[in-house]
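A quick write-up on the structure given underneath.
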Amino acid sequence: MSVFEKYQGKRVDVNYETGYHFVIEYLSENELKWTALAKRAEGAPEVEKELYDSYEIGEDEYMINWIEETGLVVSQIANFREGTAYAFMTWPDENAHGHRAKLLHKGTLTVLEDQEE
């Protein structure tokens with residue numbers, strides 16, 4: 001079952017130890033919307049829709065990946081069964097190794113109530 005089939009119409013709260021905090025909604029099989037609730041990169045929007053790819057890697061555990069317009073790449077492991085989330089983010093930075101800055105996140109994941117139409 002895809003992450004969209006299982007969690008469509010729900011909001012997923014992802015709170016990382018790094019201070020980043022998001023709510024993610026899976027709008028379709030290939031589009032999600034994230035909303036920043038706390039810390040975000042300088043100049044980054046508060047809300048954005050992104051095309052994503054996902055793969056079920058275990059029971060209620062998914063690898064979810066997207067590339068933002070700015071070149072930020074997010075690879076997230078979302079374990080809904082255990083309530084954990086890990087993400088590796090990388091973005092263009094001429095001064096960093098390989099011209100890409102990086103950040104590794106560990107945090108919690110909570111499925112919120114159904115969306116009201």
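Here the structure is a predicted model, which is why all the values come from computation and not from measurement.
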Query raised in the report: Between OG of S75 and CG of L104, what distance do you get to the nearest 0.5 Å?
Result: 10.5 Å
Requested in this report: Indicate, with yes or no, if I77 and Y55 share a hydrophobic cluster defined by side-chain heavy-atom contacts under 4.5 Å among Ile, Leu, Val, Met, Phe, Trp and Tyr.
Outcome: yes
Query raised in the report: Side chains of R100 and V73: does their closest heavy-atom pair fall under 4.5 Å?
Result: yes
Query raised in the report: Do V111 and Y16 share a hydrophobic cluster (ILVMFWY, side-chain heavy atoms under 4.5 Å, transitive)?
Result: yes
Query raised in the report: Under the criterion side-chain contact (heavy atoms from CB on, under 4.5 Å), which of V74, L103, T70 is the partner of W91?
Result: L103
Requested in this report: Check for a donor-acceptor pair, side chain of E5 on one end and backbone N or O of S2 on the other, with a separation under 3.5 Å.
Outcome: yes
Query raised in the report: So, T90 side chain and A101 main chain: donor-acceptor pair closer than 3.5 Å or not?
Result: yes
Query raised in the report: If two hydrophobic side chains count as joined below 4.5 Å and joins carry through other members, does L32 share a cluster with F80?
Result: yes
Query raised in the report: When you look at CD1 of I67, are more than 12 heavy atoms from neighbouring residues, nucleotides or ligands closer to it than 6.0 Å?
Result: no
Query raised in the report: How about Y62 and K6: do any of their side-chain heavy atoms sit closer than 4.5 Å?
Result: yes
Query raised in the report: Do L109 and E82 have side chains that get closer than 4.5 Å, going by heavy atoms?
Result: no
Query raised in the report: Roughly how far, to the nearest 0.5 Å, is the CD atom of E31 from the CD atom of E50?
Result: 9.0 Å
**Report entry** Shortest non-hydrogen contact between E25 and R11, atoms and distance
**Finding:** CG-CG, 3.7 Å
Report summary line: Only one of N65, L27, V3 passes side-chain contact (heavy atoms from CB on, under 4.5 Å) with Y52, and that residue is V3
Report summary line: Output for pair (K102 NZ, M89 CE), nearest 0.5 Å, gives 15.0 Å
Query raised in the report: How about S54 and M63: do any of their side-chain heavy atoms sit closer than 4.5 Å?
Result: no
Query raised in the report: Side-chain contact, heavy-atom cut-off 4.5 Å: N15 with T110?
Result: no
Report task. Decide yes or no for I24 and Q76: does some side-chain heavy atom of the first lie under 4.5 Å from some side-chain heavy atom of the second? Result -> yes
Report task. Indicate yes or no for a side-chain donor-acceptor contact from E29 to the backbone of F4 under 3.5 Å, with no hydrogens or angles considered. Result -> no
Query raised in the report: With distance as the sole criterion, is a donor-acceptor pair present between the side chains of E68 and W34 under 3.5 Å?
Result: yes
Report summary line: CZ (R81) and CD (E59) are apart, to the nearest 0.5 Å, by 5.0 Å
